[in-house]
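Contents: one structure, followed by commentary.
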Number of protein chains: 2
Amino acid sequence: MTSKPTQAGPAVPGAVWLREPRPARHAPALTRERIVTAAVAVLDGSGEAGLSMRRLAETLDVHATSLYWHVANRDELLDLALDAVFGEIDLPAAHAAAWRDDVAAFMGGLRAALLAHPWSAALAGSRPLIGPNALARSEFVYTALAGAGFDGPDLSAAAAAVSHHVIAAAATETAWRHGDPATARRALNDHLRRSAAHYPTLAAHAPSLRNDWEDHFDRAAAFLLDGLAAHGGHT
Amino acid sequence: MTSKPTQAGPAVPGAVWLREPRPARHAPALTRERIVTAAVAVLDGSGEAGLSMRRLAETLDVHATSLYWHVANRDELLDLALDAVFGEIDLPAAHAAAWRDDVAAFMGGLRAALLAHPWSAALAGSRPLIGPNALARSEFVYTALAGAGFDGPDLSAAAAAVSHHVIAAAATETAWRHGDPATARRALNDHLRRSAAHYPTLAAHAPSLRNDWEDHFDRAAAFLLDGLAAHGGHT
DNA sequence: TGGGTTCACCTACAGTGTATGAGTAATCAA
DNA sequence: TTGATTACTCATACACTGTAGGTGAACCCA
């Protein structure tokens with residue numbers, strides 16, 4: 001009877017985080033870490049659909065099935081890659097005097113990391129973010145908002161609102177920028193022109209839309225932050 | 001030389017909306033509409049990964065390649081299915097006296113539609129929402145917010161903030177509820193317990209998290225709406 | 001030295017999206 | 001009514017996917 005991969009179990013969502021990486025006895029060729037960084041590189045170059053186990057293995061000079069010793073399946077690999085992106089968010093070591101600065105720093109850092117890896121925002125919106133790096137960043141927002149006076153369900157709601165806004169905005173931005181950027185825009189304009197009677201307000205404002213993404217993001221973030229400030233109590 | 005599918009072109013994102021459905025001369029077996037509703041049914045039953053062209057064709061008593069006469073490729077089919085979900089949002093025919101009621105109605109309707117089709121929220125976050133149904137709903141929010149005093153870039157930023165929050169919240173909710181709901185939660189708790197020292201605030205609040213999704217959603221929505229109210233000017 | 005573990009490899013399978021071309025039935029022009 | 005054209009379905013085929021199962025070599029500890 002051969003050895004069974006007892007660690008790399010079935011494909012239960014979120015189960016990666018219950019599993020330690022294989023302990024490396026003496027510098028094996030493959031490591032979970034090496035695999036994940038290679039996966040991020042492939043994802044950056046070819047997007048989510050462009051990551052196949054065989055192609056990833058090729059970049060590591062290894063056969064595809066060897067990856068399954070270190071990673072249960074492709075989906076878990078995506079979890080790990082995504083958490084690696086969260087690891088790139090760098091936050092101030094100490095909290096600022098004003099909670100709003102902290103939250104703004106988090107939003108900016110998260111947005112930058114997600115935009116730097118265009119595949120990541122869509123992924124972040126579609127699965128529980130419970131990797132260690134994601135949790136560490138969450139902790140930062142939680143403490144910042146707790147300092148603002150939030151507590152209990154309001155605290156988690158506020159934190160969720162902040163993350164949600166950044167992730168969704170980054171996902172929309174990357175979605176619009178992907179591939180031929182003119183196409184989606186032409187489709188939109190075409191549609192609006194043909195039925196401008198139905199969408200008068202939209203038609204009047206769509207052209208100004210989608211020009212300066214960062215400005216767009218900042219305005220929306222300001223709305224949210226002002227709303228939070230009204231509830232938090234503290235300044 | 002056989003006829004070429006001149007309409008169903010290459011896989012350019014957003015290009016579905018530039019293409020009319022095939023004109024039905026006399027009740028053909030397959031219709032774009034029939035395909036899309038069947039696709040929604042399969043998606044509802046098996047999720048995004050469960051939708052294959054062959055399986056969809058089977059439910060229509062048709063061969064897989066026949067679908068490509070009416071739909072360019074799988075990706076466009078997803079675009080169409082998603083827009084069909086947006087079509088299920090029913091909004092008040094006339095605008096309410098208070099803009100906030102309109103926006104709240106939109107948020108509730110969108111959330112309900114996305115949750116009714118668990119595959120849809122993740123999809124909505126990952127592609128431009130420019131289908132006719134999506135645009136019609138956008139128009140509603142735009143006019144409501146315009147009535148609140150928003151204009152120019154602020155208007156589109158406000159509208160985006162509203163949609164973003166609903167989509168991201170619905171995506172998170174469905175992601176957590178998918179499959180074995182206990183697993184992600186156990187992974188989170190396990191992680192928090194093992195390193196509670198690193199995540200004190202998170203550890204203190206996580207248990208209360210993820211219980212009442214609707215309450216969670218409403219609180220966050222209130223934060224955003226209050227923030228908008230502070231900027232809009234009008235009541 | 002022997003036994004057990006670690007881990008990369010090979011083979012194989014069922015399934016995927018979709019390009020291409022052939023075939024059929026309905027329509028239109030004459 | 002005839003012939004040509006279009007609208008549409010089907011069949012074949014290809015390159016590629018994730019991953020289960022088993023094999024064998026290198027290493028560790030006894």
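Sequence lines set the chain letters: A, B, ... in the order given, protein chains first and strands last, and positions in each chain run from 1.
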Length of the [atom1]-[atom2] vector between [X] and [N], whole Å:
X	N	atom1	atom2	value
Asn73(A)	dT17(D)	CG	P	16 Å
Tyr68(B)	dA19(C)	OH	C1'	10 Å
Met53(B)	dC16(D)	CE	C1'	17 Å
Leu56(A)	dA8(C)	CG	P	13 Å
Leu60(A)	dC7(C)	CG	C1'	15 Å
Leu67(A)	dT19(D)	CG	P	11 Å
Glu58(A)	dA8(C)	CD	P	17 Å

Does one side chain, of His216(A) or Glu173(A), offer a donor that lies under 3.5 Å from an acceptor on the other?
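Distance-only check fails for His216(A) and Glu173(A).
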To the nearest 0.5 Å, what is the distance between CG on Leu82(A) and CG on Leu129(A)?
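Answer rounded to 0.5 Å: 6.0 Å.
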Could you give the distance from CG (Leu91(B)) to CD (Glu139(B)), rounded to the nearest 0.5 Å?
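Between Leu91(B) CG and Glu139(B) CD, I get 11.5 Å after rounding to 0.5 Å.
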Under 4.0 angstrom between [X] side-chain N/O and [N] OP1 or OP2:
X	N	value
Trp69(B)	dT9(D)	no
His70(B)	dT9(D)	yes
His63(A)	dA8(C)	no

Using a strict threshold of under 4.0 Å (side-chain N to carboxylate O), is an ion pair present between Arg74(B) and Glu48(B)?
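Salt bridge: yes.
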Please list residues of residues 37-51 of chain B whose heavy atoms come under 4.0 Å from any atom in DNA chain C, ordered by number; otherwise none.
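Contacts with DNA chain C under 4.0 Å: Leu51(B).
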I need the single residue from Asp61(B), Val62(B), Leu56(B) that forms a side-chain contact (heavy atoms from CB on, under 4.5 Å) with Thr59(B). Which is it?
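Filter result, single survivor: Leu56(B).
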Look only at the side chain of Asp83(A) and the backbone of Ala134(A), and say whether a donor-acceptor pair between them is shorter than 3.5 Å.
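Side chain of Asp83(A) to backbone of Ala134(A), a donor-acceptor pair under 3.5 Å: yes, one is there.
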Working for side chain to side chain contact (heavy atoms under 4.5 Å, CB included), residues Phe86(A) and Leu135(A):
CA-CA 9 Å; Phe86(A) 275 84; Leu135(A) 287 186; over 6 Å; no
What contact category does Thr65(A) fall into here, base, sugar-phosphate, or nothing, at under 4.0 angstrom with non-hydrogen atoms?
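The answer is base, as Thr65(A) lies within the cut-off (heavy atoms under 4.0 Å) of a base atom.
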Which is true for Ser66(B) with a 4.0 Å heavy-atom rule: it touches a base, it touches only sugar-phosphate, or it touches nothing?
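Base, at least one base heavy atom under 4.0 Å.
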Position toward the 5' end of DNA chain C (nearest nucleotide), Arg54(A) or Asp61(A)
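That would be Asp61(A).
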